[in-house]
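Reviewing the structure listed below.
These numbers come from a predicted model, not from an experiment.
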Amino acid sequence: MELTSVLNQSLTYISSFALKCAADLDISGRIQAYGRPMPLNELARSIPISPEKDMMLGRLMALLVQKEVFAQDEAGYVLTPVSKLLLTEHSNMGAFARYITQPPLTKVMCAMGEWFKEGAAGSTVYMMANDGKPSWDLFKENPQLGKLFNEAMTSHCKQQMRDFAKSYPHIFDGLNSLVDVGGNTGTAVKIIAEDFPFLRCTVLDLPHVVAEANLEDDSFNVVAGNMLEQIPPAEAFLIKNVLHDWRDEDCVGILKRCKEAIEPRKDGSKVIIVDIIQDFNNNPKAIETGHLLDILMMCNHGSKERTKQEWHDIILGAGYSSYKIHPTQLGVDCVMELYP
C-alpha cells in the first residue's frame, strides 16, 4: 500500500487537469441541460467530439466519478454537489480550476526544490522561476491571466459570501458603512449589499482591478487605491482571503490602516477577517486544503496560512483591543471580528 500511496500522490496533479478539462468542456452545464442522467454518447455528441474519442471521454469521466465530481447510474452521468459548483450560473468554480492549472503557476511548483537549495533570502519560488519578478507583476504583463485570476476569485467568492451572509447576519447589526479591502471587482460587497441594503458598501482595490468592476451597479461604490498606503473611512472593514497573500509585517500595517480609518461609533465598529486558521478546523479535507494553500502562498508570495497563535500576534501587534473567532461554517475559512 505504501507504493500505491506514493504513486497516487505523484499522480494527483492529473485530477486537477481532469477537473480543468471538465470545466473547459462545460460537462456540468451539458448534463444539467440534458435534464436527466446523460449517457456517454449523448455527452460526447453535445460537446461535440469525434466518435473515436467517446471511449477516451468515458475514461476521463471514470476518474471524475471516482473523485465524486460526477456520479453515474445505469442511465448515465448526473451532477453532484461538487459539479454543481462548476456551473456558470452557480459559483463557476471551473474558473478557479482553469486559473490554478495555468502554465505560469505550474512552472512555479516545478521550481520548489531548486528554490529550497539555491533561492536567495527574501526571494520566493515564483521569483526564481520568473527572472526575479514578483508574482503580482504577472497580471500586468499578462492581462488575460489577470482576467482569469479575477474570474477565479469571483467564483470562489460567490458561494463563500452567500454562506457568510446566511451564517453570520449578526455581524452586520448596527453598521451603516463597510469597505471591502482588496475586494477585487466587488462580488463580495454586491452580495452583502443585496442581503443588507441598509449598508453603504465600498470596494477598494488597485486601479487596474476595479476597472473590471461593474460601474453601473449602484449597490456599491468603487475606490481605486492601494491598501498598503491608504484606506477610506467606514464603520467596518471586510478583509476576505487577502492577508494570506502578505507577510506578517505587511498584515500588521494593513490592519493598522484599517484601525486608523474606522469611524468611531458607540459600539459595533470592527474589522471582519475571512481567512484560514490552520489549527481551527478538524475536518481532514479542510486541513489538507489549508496545507495545500499554505504551500501555494509560500511559493507565490512568500506568505502563509496562519495558526491561531500567528493570527493572535498579528491582531494584537496592530493594536486591536480584542477579537472573536467564530466557529467555521465556510469550509476551510473562519470568520474573525477585530475590535479597536
Side-chain angles (χ1 to χ4, degrees), residues 1-28 31 37-41 43-44 47 49 52-86 91 93-119 125-126 128-129 152 156 244 276-300 304-305 307 328 331-333:
M1 287 305 293
E2 291 81 4
L3 177 60
T4 300
S5 179
V6 172
L7 287 171
N8 183 277
Q9 292 187 54
S10 299
L11 294 168
T12 295
Y13 77 96
I14 294 173
S15 298
S16 301
F17 284 92
L19 188 64
K20 174 187 180 296
C21 183
D24 290 342
L25 299 177
D26 190 24
I27 292 175
S28 290
I31 293 174
M38 193 173 196
L40 176 62
N41 66 316
L43 176 60
I47 293 175
I49 60 174
E52 61 266 23
K53 292 181 180 177
D54 284 15
M55 295 307 296
M56 298 172 191
L57 179 64
R59 289 153 63 183
L60 172 69
M61 293 302 293
L63 173 60
L64 293 170
V65 168
Q66 174 66 31
K67 301 297 290 187
E68 299 181 347
V69 177
F70 299 99
Q72 185 180 19
D73 59 23
E74 292 181 357
Y77 301 108
V78 296
L79 298 180
T80 67
V82 174
S83 48
K84 287 177 181 178
L85 290 175
L86 302 179
S91 291
M93 282 297 290
F96 188 87
R98 283 192 290 271
Y99 166 72
I100 209 68
T101 50
Q102 290 298 301
L105 279 82
T106 56
K107 179 176 74 170
V108 172
M109 296 297 113
C110 292
M112 196 189 314
E114 181 185 1
W115 174 81
F116 271 111
K117 292 186 291 184
E118 302 177 14
V125 186
Y126 182 92
M128 170 171 275
H156 175 245
H244 68 175
I276 289 175
I277 303 179
Q278 285 282 59
D279 49 354
F280 198 76
N281 198 321
N282 294 322
N283 180 285
K285 184 63 70 174
I287 292 171
E288 180 184 8
T289 303
H291 286 306
L292 291 170
L293 286 167
D294 184 48
I295 298 302
L296 182 66
M297 295 301 109
M298 178 188 78
C299 291
N300 284 351
K304 59 187 175 182
E305 304 294 353
T307 64
T328 180
V332 297
D333 291 305

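Rounding to the nearest 0.5 Å places OG1 of T289 at 7.0 Å from CG of L293. Taking OG1 of T12 as the reference point, atom CG of L7 lies at 10.5 Å (rounded to 0.5 Å). Note that the CZ atom of R98 and the CG atom of L86 stand 9.0 Å from one another [nearest 0.5 Å]. We find the CG-CG distance between L79 and L85 to be 10.5 Å, quoted to the nearest 0.5 Å. To the nearest 0.5 Å, atoms CD (E2) and OG (S5) are separated by 8.0 Å. Distance check: E288 CD to N283 CG gives 10.5 Å after rounding to the nearest 0.5 Å.
Looking only at side-chain heavy atoms (C-beta outward), M112 and I295 come within less than 4.5 Å of each other. Residues L19 and K67 have side chains not in contact (no heavy-atom distance under 4.5 Å, counting atoms from C-beta outward). Residues L105 and Y126 form no side-chain contact, since every pair of their non-hydrogen atoms from C-beta on lies 4.5 Å or further apart.
Minimum heavy-atom separation, C299 to M109: CB-CE, 3.5 Å. Listed here is the closest heavy atom pair of A75 and P39: O-CG, 3.5 Å. Y77 approaches L43 most closely through the heavy-atom pair CD1-CD2, 4.3 Å. Between G94 and A23 the shortest heavy-atom distance is CA-CB, 3.7 Å. Residues A95 and A152 come closest through the heavy atom pair O-CB, 3.8 Å. Residues D54 and A44 approach most closely at OD1-CB, 3.3 Å, considering heavy atoms.
With hydrogens and angles disregarded, no donor-acceptor distance shorter than 3.5 Å links the side chain of T80 to the backbone of A71. Under a 3.5 Å cut-off, the side chain of S83 and the backbone N or O of V69 do form a donor-acceptor pair. Side-chain N or O atoms of D294 include one that pairs as donor or acceptor with a backbone N or O of E305 at under 3.5 Å.
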Between I49 and M56, does a side-chain contact (heavy atoms from CB on, under 4.5 Å) hold up when you go through it step by step? CA-CA 10 Å; I49 60 174; M56 298 172 191; over 6 Å; no
Full working for side-chain contact (heavy atoms from CB on, under 4.5 Å) between M128 and V108: CA-CA 8 Å; M128 170 171 275; V108 172; over 6 Å; no
Hey, mind stepping through V332 and N281 against side-chain contact (heavy atoms from CB on, under 4.5 Å) and telling me if it holds? CA-CA 7 Å; V332 297; N281 198 321; 5.6 Å; no
Check step by step if side-chain contact (heavy atoms from CB on, under 4.5 Å) holds for F70 and V78. CA-CA 6 Å; F70 299 99; V78 296; over 6 Å; no
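Other residues, nucleotides and ligands contribute at most 12 non-hydrogen atoms within 6.0 Å of the OH atom of Y13.
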